[in-house]
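Below: the structure, in structure tokens.
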There are 2 protein chains.
Amino acid sequence: MVGMTNTDRPRRCEPTRQAILQAARERFACEGYDRTTIRAIAADANIDPSMVMRYFGNKEQLFAAAAKFDLHAPDLSETPPEERADRLVRHFIRLWEGDLADSSLQILLRCALTNETAAERMRLIFAEQVIPLVTTGIDPDEAVERSGLVASQMLGLALCRYVLRLPAVVALDSERLATWIAPTIRRYLTEPRAPIPSAREIQAGNDFLNGKPAN
Amino acid sequence: MVGMTNTDRPRRCEPTRQAILQAARERFACEGYDRTTIRAIAADANIDPSMVMRYFGNKEQLFAAAAKFDLHAPDLSETPPEERADRLVRHFIRLWEGDLADSSLQILLRCALTNETAAERMRLIFAEQVIPLVTTGIDPDEAVERSGLVASQMLGLALCRYVLRLPAVVALDSERLATWIAPTIRRYLTEPRAPIPSAREIQAGNDFLNGKPAN
DNA sequence: GTCTATAATTCGATAGAC
DNA sequence: GTCTATCGAATTATAGAC
């Protein structure tokens with residue numbers, strides 16, 4: 001065809017590429033990085049293992065491609081402050097088990113503990129997506145501290161419910177879960193910060209940590 | 001010697017055994033199960049890899065021996081109810097970074113995501129040590145639900161601070177951390193449970209999860 | 001583009017000398 | 001009790017035929 005060159009086509013091999021990616025995501029999500037083999041991915045995608053190498057170079061690059069993640073952070077600037085925590089919690093649950101759910105978060109969380117690429121990406125997501133999201137309407141100087149607290153509760157929930165699958169945490173229905181968690185997040189977002197502890201209080205805390213009885 | 005038989009001695013090989021165990025603990029704690037090799041453990045312990053096999057049979061049994069864990073759960077029955085959450089949080093922080101700290105918790109948390117033995121042990125610890133601990137002074141019917149919530153915050157904190165090492169969570173000193181987290185735990189322990197959601201509320205929750213706008 | 005064959009490592013586990 | 005030597009299996013990655 002006139003004007004139809006090879007460089008025009010939008011990658012005819014795209015379906016194969018997507019099949020590999022989807023198989024890789026499922027494997028990485030439920031088996032972690034190390035136990036996932038290129039052979040198994042290829043078998044799932046019904047292709048030859050060498051094709052995976054051809055498309056993605058090596059296992060690490062395949063993982064990097066499979067672990068893309070978007071929080072789909074909602075814009076909270078129009079949300080009344082007293083509702084922000086609730087929206088945040090429900091948005092997060094929706095990311096895991098609602099219509100926005102895919103295996104991306106599962107991949108990151110399960111692999112971040114044994115793969116440095118995943119851990120680094122987790123920190124990047126925290127810095128680029130979580131902190132800006134939480135910052136809406138609060139003092140930027142406090143945003144990092146508050147974001148960290150929010151992350152500790154949110155990721156802990158994800159860990160217990162979706163990865164470790166602790167029966168006690170799995171048993172709660174999502175509505176009840178949101179009702180429990182939202183006030184925690186609200187406090188982390190809005191509660192005035194405690195004053196910087198005095199030297200004496202810090203000492204008392206260290207003493208406790210080291211098993212010394214209080215006076 | 002008279003009366004001195006072979007069966008009397010308390011295992012002369014105990015030092016070697018302990019050296020292997022300590023090396024294994026460090027490796028499992030910071031590299032996870034799969035990436036830890038028996039060869040590396042043996043090198044750390046300055047012995048031959050085959051000795052590891054001789055002492056512990058195989059890698060899985062070595063892991064089981066290295067992942068023993070005791071929460072050292074305090075007795076809260078004498079503690080006034082309003083102080084229990086605070087004691088719980090401080091005890092937990094002490095387990096990670098105080099005088100009670102060792103690598104046991106780090107091993108469990110890092111390996112539980114990719115090794116079924118570790119995951120199962122985590123659930124066992126939750127059932128045998130966390131739930132009884134939290135049950136002190138609260139309705140046993142509610143203990144499981146409340147324990148799950150407590151675990152979600154405690155393990156989330158551990159995940160972000162000690163394993164993922166999110167800078168925002170690492171930056172907080174332990175006293176300040178306890179001040180932030182304790183009220184959350186107190187609420188999970190004592191706040192009256194929400195009523196069972198009505199069918200309409202559950203429907204509204206599901207709609208939200210699936211992206212339908214509220215009316 | 002796809003597949004076969006295989007190189008190059010690495011690891012868990014075993015056998016046996018000392 | 002300790003070490004040498006090695007097996008057998010699995011893995012990533014590459015080279016090259018079709």
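Chain A is the first sequence line, chain B the second, and so forth, proteins listed ahead of strands; every chain is numbered from 1. This one's a predicted model, so the numbers in the text were calculated from it and none came from an experiment.
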Donor-acceptor side-chain pairing of A:S147 and A:Y188 below 3.5 angstrom: no

Closest to the A:D48 side chain, choosing from C:dC3, C:dG1, D:dC3: C:dC3

Residue pairs fulfilling ring pair (Phe, Tyr, Trp, His ring centres under 6.0 Å) with at least one residue in residues 127-160 of chain A, sequence neighbours excluded: none

Pairs where residues 147-168 of chain A contributes a residue and the test ring pair (Phe, Tyr, Trp, His ring centres under 6.0 Å) is met, not counting sequence neighbours: A:W96-A:Y162

For A:D70, all residues meeting salt bridge (charged side-chain N to carboxylate O under 4.0 Å, His left out), sequence neighbours excluded: none

Sugar-phosphate only, base, or nothing, as touched by B:Y55 at under 4.0 Å among non-hydrogen atoms: sugar-phosphate

For A:R193, all residues meeting salt bridge (charged side-chain N to carboxylate O under 4.0 Å, His left out), sequence neighbours excluded: A:E142, A:E145

Selection: residues 20-37 of chain B, any non-hydrogen atom under 4.0 Å of DNA chain D: none

Anything under 3.5 Å between a donor and an acceptor, one on a side chain of residues 47-55 of chain B, the other on a protein residue two or more places apart or in another chain? List them.
residue: B:D48; atom: OD1; partner: B:S50; partner atom: N; Å: 2.9
residue: B:D48; atom: OD1; partner: B:S50; partner atom: OG; Å: 2.7

Nearest-angstrom distance from the residue atom CZ of B:F63 to C1' of C:dG12: 17 Å

Nucleic acid footprint by protein, nucleotides 13-18 of chain C - heavy-atom cut-off 4.0 Å, B for base, S for sugar-phosphate alone: SB----

Atom-pair distance (CE on B:M51; P on D:dG1), nearest Å: 8 Å

Whole angstrom value for the distance that separates P of D:dT11 from CG of A:L62: 15 Å

Qualifying ring pair (Phe, Tyr, Trp, His ring centres under 6.0 Å) pairs, either residue in residues 123-148 of chain B, two or more places apart: none

Tell me which donor-acceptor pairs under 3.5 Å the side chains of residues 59-67 of chain A have, and how far apart each pair is, sequence neighbours excluded?
residue: A:K59; atom: NZ; partner: A:Y33; partner atom: O; Å: 3.0
residue: A:K59; atom: NZ; partner: A:T36; partner atom: O; Å: 2.8
residue: A:E60; atom: OE1; partner: A:Y33; partner atom: OH; Å: 2.9
residue: A:E60; atom: OE2; partner: A:T117; partner atom: OG1; Å: 2.3

